[in-house]
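Have a look at the structure below before the remarks.
Sequence lines set the chain letters: A, B, ... in the order given, protein chains first and strands last, and positions in each chain run from 1.
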Amino acid sequence: MYLAKVYISLKPTVNDPQGLTIKGALYNLGFTSVEDVRAGKYIEIRIEENDLAEAQQQVNEMCHKLLANPVIENYRFELEEV
Amino acid sequence: MSISKEILDKIALSRREYQLIVERLGREPSEVELGMFGSLWSEHCGYKHSKALLKHLPLGGQRVMVRPGEENAGVVDIGDGLVLVMKIESHNHPSAIEPYQGAATGVGGIVRDIFTMGARPIALLNSLRFGPLSDLHNRYLFGGVVGGIASYGNCLGIPDMGGEVFFADCYSANPLVNALCLGVAEGKNLVKARAYGEGNLLMLVGADTGRDGLHGASGLASRTFEEERELRPTVQVGNPFLEKLLIEACLELAETDWIAGMQDLGAAGLTSAAVESAARGKGGIEIDVLKVPRREKGMTPYEVMLSESQERMLVIVKKGYQDKVRAVFDHWELHSDVIGQVTVDGLARIKEGEKVVAEVPMNLLTSPPLYRRRVKKPRWLDELQSFNVTSVPDLSPREVGPVLLRLLASPNIASRHSVYRQYDHQVGDNAVVLPGNDAAVLRLKGTKKAISLTTDGNGRYCYLNPYVSGAITVAEAARNSACSGAQPLAITDCLNLGNPERDDIYYQLKECIAGMARACRKLRIPVISGNVSLYNETRDEAIYPTPVVGMVGLIEDVTRHCASGFKEEGDLVFLLGDNRTVDSSLGGSEYLELVHSLVKGSPSIDLDLEKRLHRCCLEAIKRGIINSAHDCSEGGLAVSLAESCLLGGLGFNSRSWNLEGRLDAALFGEAQSRIVVSVAPKLAAKLEAIASKWQVPVRKLGVVGGGRFIIEGYIDLSLEEAREVWWGGLEKYQ
């Protein structure tokens with residue numbers, strides 16, 4: 001069994017209204033040293049699979065087909081044996 | 001000449017056009033200059049292939065306040081000091097790449113066109129085309145586009161009143177996403193998109209500038225679609241909440257006299273906003289790109305000038321009022337920065353600090369070469385039109401019922417509730433007739449008036465006969481207005497076609513515009529704004545030429561409006577208009593494609609009858625005689641009757657209907673100029689008198705009531721059964 005920790009974020013050049021809104025709010029709260037904020041998604045998936053390579057391939061496919069929008073987002077993931 | 005083909009391709013200029021630039025400029029353009037030319041000489045901004053043809057459309061009229069092209073959107077006067085501002089625009093290419101964000105930013109763009117002029121946006125409509133939903137990718141595009149429209153429109157709090165959606169193979173690689181916005185303003189508050197007055201300041205407001213959508217105007221919207229998927233990282237992501245702030249701030253400014261003009265940043269970003277507004281003001285501009293606030297580091301002047309970052313406005317601030325204007329934007333928590341000024345030397349001068357990176361006469365940028373060609377009717381079209389109805393067998397009476405059910409279940413006819421229920425169409429509390437009817441109706445608060453809105457377009461008809469279909473598109477939109485009780489006021493049009501450099505496509509464009517122009521003249525409806533979207537093709541497979549007409553109509557007394565569903569048990573049902581059965585009306589019909597897999601024949605229309613029909617229907621509604629009105633379109637008379645039943649939740653019974661000629665043509669043929677109306681029995685004589693006054697044929701079809709849909713001898717269906725297929729036809733794909 002593996003635990004996949006998937007991190008999804010917008011590609012660097014893509015506009016991130018959510019990140020900008022957070023940045024503005026932080027600034028208003030007095031965190032004036034904040035220079036940039038990018039917001040993304042974090043997803044945990046447990047997979048009933050014993051083979052690491054197979055698990056890797058599956059998570060990769062999940063990301064590509066559903067979890068991330070490859071047109072505007074990048075993703076990366078870590079696999080942890082549990 | 002050292003310029004590489006690669007660079008020219010990137011900005012979509014031909015080598016001849018490049019030589020023209022060098023000739024007129026007297027030197028080679030700089031990188032920034034070339035990028036500016038590429039954008040402004042693109043079809044999207046410069047209309048090189050369509051301008052000569054578009055001028056045939058009737059543009060003037062008593063109520064028309066500005067002519068198309070002079071401003072961001074068209075304006076019509078509706079009395080009481082109020083004006084309506086309307087425009088439709090395509091966002092086809094961005095939506096094909098990233099459906100959700102593409103459609104969302106399409107909505108954002110069209111809304112900016114409206115409030116730029118000082119009008120409050122009050123309604124949105126969308127006209128959509130996709131490939132068949134049996135294909136997973138098409139389903140993904142469809143879901144994404146509808147979701148994107150819903151999310152952006154709902155966040156802004158502008159009701160989306162529906163529109164239309166159709167499916168055909170030709171749209172698989174090239175979906176169409178056209179967005180229409182209508183706004184209302186007090187005539188005295190209209191703001192011009194003009195940069196004039198030496199020393200007036202150019203203020204950039206709203207979002208910071210990033211590398212979004214570089215080459216959107218030139219690269220994508222003006223070229224065919226092949227291996228361009230790698231351009232994807234330039235997808236624009238919109239922020240509707242920021243746009244909402246922009247709306248409020250700009251409308252506040254529209255009531256002051258602190259500004260000389262406003263212009264939104266759309267395709268080709270700062271380049272087109274600054275140059276086009278300055279050209280209208282007959283002056284020049286000077287911009288320092290270092291003063292443009294950036295979202296990203298290391299952007300070049302070229303990138304700053306061509307970025308298509310969303311939610312930005314260019315405000316031309318009168319000298320001395322800078323602080324007052326800034327205070328308004330500060331109040332709405334919007335960034336505002338002065339990036340340059342208006343000059344009188346007729347030059348577009350772009351600087352990076354002290355260094356001049358572009359300096360071009362304004363008139364060169366705004367006068368792209370205009371192309372006009374003689375083209376003949378393509379031979380393949382003759383073949384398509386020479387359809388002989390006798391080559392397909394007629395239906396037997398037993399087959400009629402099941403065919404009606406198939407048509408009702410067709411995604412092109414089935415209930416669109418699964419789309420429009422995602423849109424908030426009641427926000428603002430003005431919706432009188434909801435989506436799902438021939439036209440949506442909105443009241444105008446503070447007046448007795450209401451307006452109707454509809455979009456129409458049939459690509460299949462246009463593929464088969466571009467001239468006639470151009471006329472039909474206008475006529476059908478006007479008919480839909482008439483069915484709601486609204487006098488048609490004005491049109492905004494979006495022409496979606498393939499590559500105009502091909503003879504057959506240019507022919508389609510030319511004929512379609514000619515047909516539209518004829519119908520507009522005949523029905524006396526001006527075209528007040530519009531947009532062309534060409535190059536909708538992939539690997540030489542062009543879409544059906546698809547003209548989309550958005551129409552606004554005026555109802556003087558909101559209580560005298562009409563909807564499509566039957567209302568009262570016992571009402572009599574009449575057909576107004578063309579009641580002869582013409583076998584050729586099967587040409588181009590949904591029936592012919594669905595049942596016989598044929599896209600052949602040619603539609604036809606009698607514009608004189610059409611005009612009289614509208615007057616007849618309008619008079620009957622104004623005098624409160626009829627209870628429902630629904631035009632016959634896709635699926636023909638039987639589908640129209642069934643829809644009136646389903647929308648009203650009431651049955652229909654016809655005992656005395658002698659069907660003449662071919663059964664399929666009588667029930668499912670798509671002859672134009674027909675409206676199904678229902679009327680209380682005691683008022684039937686009045687309806688017949690009105691019809692005779694306008695010389696409109698009228699024919700009794702049956703009676704409203706019961707739980708079944710019955711045409712004796714042919715069809716006997718329970719309403720439940722019909723409702724199930726019609727309700728689920730499109731919903732099942734979502």
Side-chain angles (χ1 to χ4, degrees), chain A residues 4-45 47-49 54-78, chain B residues 94-102 104-105 108 136-137 140-141 143-144 147-148 151-152 155 206-214 228-246 269 293-299 303 307-312 332-335:
Chain A
K5 298 179 169 178
V6 185
Y7 304 87
I8 298 156
S9 56
L10 286 164
K11 288 183 179 172
T13 57
V14 173
N15 187 22
D16 176 13
Q18 198 185 345
L20 290 171
T21 306
I22 297 171
K23 177 180 158 191
L26 288 173
Y27 208 86
N28 288 343
L29 284 173
F31 297 100
T32 47
S33 57
V34 174
E35 195 169 306
D36 200 13
V37 180
R38 302 285 286 176
K41 262 185 296 196
Y42 169 69
I43 302 173
E44 287 188 351
I45 302 168
I47 315 169
E48 194 76 63
E49 175 62 64
E54 176 61 24
Q56 247 163 353
Q57 200 217 318
Q58 281 191 33
V59 176
N60 200 36
E61 216 176 307
M62 287 177 206
C63 288
H64 200 77
K65 283 189 171 163
L66 179 72
L67 304 178
N69 175 353
V71 177
I72 52 173
E73 290 172 329
N74 289 329
Y75 62 86
R76 66 182 176 84
F77 58 87
E78 298 153 6
Chain B
S95 305
I97 298 171
E98 210 316 282
Y100 189 95
Q101 298 296 346
T105 51
L136 268 181
H137 185 69
Y140 158 75
L141 291 173
S151 99
Y152 206 101
C155 287
D208 289 349
T209 300
R211 291 191 177 92
D212 320 64
L214 284 179
E228 287 172 14
R229 308 280 163 175
E230 80 280 6
L231 283 175
R232 280 171 167 187
T234 60
V235 165
Q236 310 140 11
V237 173
N239 180 357
F241 298 110
L242 184 59
E243 177 121 328
K244 173 69 179 164
L245 297 175
L246 267 181
R294 330 272 175 96
R295 206 179 66 223
E296 295 173 57
K297 291 200 171 70
M299 287 180 71
E303 289 171 327
S307 156
E308 295 190 0
S309 289
Q310 298 291 299
E311 290 95 19
R312 295 183 299 163
W332 292 101
E333 296 184 1
L334 290 163
H335 297 287

Counting heavy atoms not belonging to [X], are there more than 12 under 6.0 Å from its [atom1]?
X	atom1	result
A:E44	CD	yes
A:E78	CD	yes
A:Y42	OH	yes

Can you tell if the side chain of A:I72 reaches within under 4.5 Å of the side chain of B:Q101, non-hydrogen atoms only?
yes
B:V237 and A:P17, any side-chain heavy atoms less than 4.5 Å apart
yes
What distance do [X] atom [atom1] and [Y] atom [atom2] have between them, rounded to the nearest 0.5 Å?
X	Y	atom1	atom2	value
A:K11	B:R211	NZ	CZ	15.0 Å
B:F241	A:T21	CZ	OG1	8.5 Å
B:R295	A:D36	CZ	CG	10.0 Å

According to side-chain contact (heavy atoms from CB on, under 4.5 Å), who are the partners of B:P293, at least two apart in sequence or on a separate chain?
B:L204, B:D208, B:D337
Test of understanding: with side-chain contact (heavy atoms from CB on, under 4.5 Å), list the residues that count as partners of A:Q56, not counting sequence neighbours.
A:L52, A:F77, A:L79
B:Q310 and A:N15 side chains, donor-acceptor separation under 3.5 Å
no
